[in-house]
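Taking it in order: structure first as C-alpha cells, then the write-up.
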Amino acid sequence: MLKIGIIGGTGYTGVELLRLLAAHPEAEVVAITSRSEEGIHVADMYPNLRDHYSNLTFTAPDTQKLAACDVVFFATPHGVAHSLAGELLEAGTKVIDLSADFRIKDIAEWEKWYGQPHGAPTLVKEAVYGLPEVNREQIKTARLIAVPGCYPTATQLGFLPLLEEGIADTSQLIADCKSGVSGAGRSAKIGSLFCESTENMMAYSVSGHRHLPEIKQGLELAAQQPINLTFVPHLTPMIRGIHATLYVKVKDHFTDLQKLFEQRFANEPFVDVLPAGSHPQTRSVKGANMCRIAVHRPQNSDLVVILSVIDNLVKGASGQAIQNMNILFGLDETLGLTHTALMP
Ligand SMILES: NC(=O)C1=CN([C@@H]2O[C@H](COP(=O)(O)OP(=O)(O)OC[C@H]3O[C@@H](n4cnc5c(N)ncnc54)[C@H](OP(=O)(O)O)[C@@H]3O)[C@@H](O)[C@H]2O)C=CC1
Ligand SMILES: CC(=O)N[C@@H](CCC(=O)OP(=O)(O)O)C(=O)O
C-alpha cells in the first residue's frame, strides 16, 4: 500500500485527488495539508468523503511528516513546490507536482510568464513532463513529475498525431479552448462568482496566456521543429470541462486522418478517438480520466479541425497525476481511474 501525502488538500485539485484515491486499492492518504483549515476533519469539510477518510485531518505543511510518504502530490499554486520539493526528494520521497513549477524547461521563459524568479532551477532538468501518452518510459524512473496543465493536455493530445506524422503545416496552429470555472481554482475571485460567470462567456489572455509556452514546448518536441501557435482560452458557464477546437492545415491530402488518430492512440487507455463525424461533449468526460477526440476535414479542404475534450480536474489534473503515480510505482496504469463519466 502506497503512503500518500497531499499538499493543498482544500483546493479543487486536492479534493479531486481525495475523491479518486478513495477508489484506489493500492493507495492510502496519510497526510493532507491546509493552512487555513488546520485541525478540521476532512470528512467534516467534504461529506462526500465521509465513508473513506473518517480519521484524516488537515494539518499545516510539515516536511518531516510528508517525507515519510512514498509520494507527495503538490496541489498548490505555483511557487510552493519550488520551496518544498527539494527537501522531499532528498528524503527519498517521490514528488508529483500539479502546478506549473517544473513544466517549462527554459527557466527564463518560466520567469517571464510567471512573473517571479524560479525557486528551484536545479531541479528543472530532471523533472519529467507527465504526459503519459508521450513520456511513459521516462515517468517509470522519475523522482519528480510535472503534471501538464489542463489546456495543455487537451491541446497537445489533439495535435500530436499530425505533428508526429510530419503532415501539419507548423506555421499556423490555432487552439480555441473553453474552460469550466473550476479551472480558476477555489480561492475567491470576482470572475468566478456565480453572477459574473453564469449565462456568460468570454475570451481572456488573448495577447498571451501562461499555458502558451508550455503547449508550444510540447508541440515543438513532437514536431521536432519550431511551430507557430495562437492559443485563445475562454471561460464558459460550466463547472468542469475543457473543450479544445484545434485548427491546422495539412500538407498531405491523402492521409486517412481517422485511421492515423485511431492508430496513434490504439494502446492508450485514457484517449478515446471517436468515430468519424463525431462531436465530443465535455459531459462525456465529466469525472472521468479520459480525453475524447474527433478529427474532421470540413468540405474535404486542407484545413483540419480536431475536437478534444477532457475534465480539467481529472485528465487535466488529478486523474492524470494518479495515472503518473501508477506508472511510477509499476502499478496497472488504470488502477483507481476507471470511473465512467457522469451523463447528463
Ligand atoms: N483547477 C484546475 O482545473 C487545475 C489546476 N491546476 C494547478 O493545480 C494547482 C492547484 O490548483 P487548484 O486546486 O485549482 O487551486 P486552489 O486555489 O483551489 O487550491 C490551492 C490549495 O493550495 C493550498 N495553498 C495555497 N498556498 C499555499 C502555500 N503557500 N503553501 C501550502 N499550501 C498552499 C490551499 O490551502 P491553504 O491556503 O489552506 O493552505 C489550497 O488547498 C495550481 O497550481 C493550478 O494551477 C492544474 C490543472 C488544472
Ligand atoms: C478557467 C481558468 O482560469 N483557468 C486557468 C488555467 C487552469 C490552471 O489551473 O492552470 P495550470 O494548468 O497551469 O495549473 C487559467 O486560465 O489561469
Side-chain angles (χ1 to χ4, degrees), residues 5-19 31-40 42 45-46 58-63 66 72-85 96-104 110 113-116 119 129-131 146-156 177-192 196-197 200-206 208-215 218 231-244 282 286 310-321:
I6 300 173
I7 307 184
T10 49
Y12 286 147
T13 59
V15 71
E16 192 68 355
L17 281 169
L18 284 173
R19 181 181 76 88
I32 185 150
T33 82
S34 164
R35 298 155 316 150
S36 57
E37 305 295 342
E38 190 182 347
I40 303 290
V42 166
M45 190 157 168
Y46 293 113
F58 293 109
T59 60
D62 167 358
T63 22
L66 290 161
V72 168
F73 291 93
F74 281 83
T76 45
H78 56 262
V80 180
H82 281 170
S83 55
L84 297 178
I96 301 181
D97 179 22
L98 281 73
S99 84
D101 279 6
F102 298 104
R103 293 181 197 155
I104 295 174
W110 191 92
W113 287 95
Y114 288 85
Q116 63 189 69
Y129 190 67
L131 192 60
V147 182
C150 44
Y151 287 123
T153 297
T155 304
Q156 288 177 83
C177 299
K178 280 90 188 169
S179 172
V181 183
S182 65
R186 187 161 175 261
S187 61
K189 295 172 200 81
I190 302 276
S192 303
E196 303 291 323
S197 58
N200 189 33
M201 187 168 137
M202 60 176 285
Y204 62 101
S205 301
V206 179
H209 184 281
R210 61 197 163 92
H211 284 175
L212 178 70
E214 180 185 338
I215 301 172
F231 165 54
V232 181
H234 298 72
L235 192 65
T236 61
M238 55 186 179
I239 295 174
R240 291 167 182 250
I242 297 273
H243 186 296
T282 53
K286 190 174 172 185
I310 58 169
D311 182 326
N312 54 298
L313 294 177
V314 191
K315 184 62 177 159
S318 308
Q320 183 141 265

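Both ligands and their constituent atoms are indexed starting at 1 by order of listing.
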Give the residue, atom name and distance (to 0.1 Å) of the protein heavy atom nearest [atom].
| atom | result |
| --- | --- |
| atom 11 (P) of ligand 2 | His211 NE2, 3.0 Å |
| atom 12 (P) of ligand 1 | Thr13 OG1, 3.8 Å |
| atom 14 (O) of ligand 2 | Arg103 NH2, 3.1 Å |
| atom 2 (C) of ligand 2 | Tyr204 OH, 3.3 Å |
| atom 38 (O) of ligand 1 | Ser36 OG, 2.5 Å |
| atom 23 (C) of ligand 1 | Gly8 CA, 3.7 Å |
| atom 17 (O) of ligand 2 | Arg210 NH2, 2.8 Å |

Can you tell me if [X] uses its side chain to pair, donor with acceptor, with the backbone of [Y] under 3.5 Å?
| X | Y | answer |
| --- | --- | --- |
| Gln156 | Pro152 | yes |
| Ser34 | Gly9 | no |
| Asn312 | Ile242 | no |
| Trp113 | Leu212 | no |
| Lys189 | Ala184 | yes |
| Glu16 | Val314 | no |
| Arg186 | Thr10 | yes |

Ligand 1 and [X], any nitrogen or oxygen pair closer than 3.5 angstrom?
| X | result |
| --- | --- |
| Thr33 | no |
| Gly11 | yes |
| Arg210 | no |
| Arg103 | no |
| Glu37 | no |

Where the closest heavy atom to [atom] is concerned, which of [options] has it?
| atom | options | value |
| --- | --- | --- |
| atom 4 (N) of ligand 2 | Ser99, Gly11, Ser192, Gly183 | Gly183 |
| atom 15 (O) of ligand 1 | Ser182, Ala317, Gly185, Pro61 | Gly185 |
| atom 43 (O) of ligand 1 | Leu98, Thr76, Asp311 | Thr76 |

Check your understanding: Which word best sums up how the rings of Tyr114 and His78 line up, parallel for under 30°, tilted for 30 to 60°, or perpendicular for over 60°?
Key ->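 Plane angle over 60°, so perpendicular.
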
Any idea which atoms of ligand 1 are less than 4.0 Å away from a heavy-atom of [X]?
| X | answer |
| --- | --- |
| Gly316 | 47 (C), 48 (C) |
| Ser34 | 36 (P), 38 (O), 39 (O) |
| Ser99 | 43 (O) |
| Asn312 | 2 (C), 3 (O), 48 (C) |
| Gly9 | 41 (O) |
| Arg186 | 16 (P), 17 (O), 18 (O) |
| Leu313 | 1 (N), 2 (C), 3 (O) |
| Val80 | 27 (C), 28 (C), 29 (N), 30 (N), 31 (C) |

Atom [atom1] of [X] and atom [atom2] of [Y]: how far apart are they, to the nearest 0.5 Å?
| X | Y | atom1 | atom2 | answer |
| --- | --- | --- | --- | --- |
| His82 | Ser99 | NE2 | OG | 7.0 Å |
| Ser318 | Leu17 | OG | CG | 4.0 Å |
| Ile104 | His211 | CD1 | NE2 | 8.5 Å |

**Study point:** Numbered atoms of ligand 2 (with element) below 4.0 Å of Gly180, judged on heavy atoms
**Key:**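 Listed by number with element: 1 (C).
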
In this structure, does ligand 2 have an atom that sits under 4.0 Å from one of the heavy atoms of [X]?
| X | result |
| --- | --- |
| His78 | no |
| Pro233 | no |
| Glu214 | no |
| Pro152 | no |

Check your understanding: Nearest protein heavy atom to atom 45 (O) of ligand 1: under 4.0 Å?
Key ->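 Under the 4.0 Å cut-off, atom 45 (O) of ligand 1 has no protein heavy-atom neighbours at all.
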
Point to revise | N or O pair under 3.5 Å between His209 and ligand 2 | key: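 It does: an N or O of His209 is found under 3.5 Å from an N or O of ligand 2.
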
Practice item. May I ask you to check whether Tyr114 has an N/O atom sitting below 3.5 Å from an N/O atom of ligand 2? Key: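 Between Tyr114 and ligand 2 (N or O atoms, distance only) the closest approach is not under 3.5 Å.
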
Review point. So which bit of Ala75 gets within less than 4.0 Å of ligand 1, heavy atoms only: side chain, backbone, both or neither?
Key: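 The answer is the backbone.
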
Check your understanding: Looking only at heavy atoms, is any part of Leu235 under 4.0 Å from ligand 2, and if so is it the side chain, the backbone, or both, or is it neither?
Key ->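 Just the side chain.
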
Practice item. Please state which part of Ala184 comes within less than 4.0 Å of ligand 2, counting heavy atoms only: side chain, backbone, both or neither. Key: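 Both backbone and side chain.
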
Point to revise | Taking every non-hydrogen atom, the tightest pair across Glu37 and Phe58 | key: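 Of all heavy-atom pairs spanning Glu37 and Phe58, the closest is O-CB, 3.4 Å.
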
Exercise for review: Check Ile96 against Val147 and note the closest heavy-atom contact, atom names and distance.
Suggested key: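 Closest pair (atom of Ile96, atom of Val147, distance): CG2-CG2, 3.5 Å.
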
Check your understanding: Are Asp311 and Lys286 within salt-bridge range, i.e. N to O under 4.0 Å?
Key ->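 No, Asp311 and Lys286 are not salt-bridged.
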
Check your understanding: Strictly under 6.0 Å, is that where the ring centroids of Tyr204 and His234 end up?
Key ->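 Tyr204 vs His234: aromatic centres not under 6.0 Å.
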
**Study point:** Derivation and outcome, side chain to side chain donor-acceptor pair (under 3.5 Å), residues Thr59 and Glu38
**Key:** CA-CA 5 Å; Thr59 60; Glu38 190 182 347; over 6 Å; no

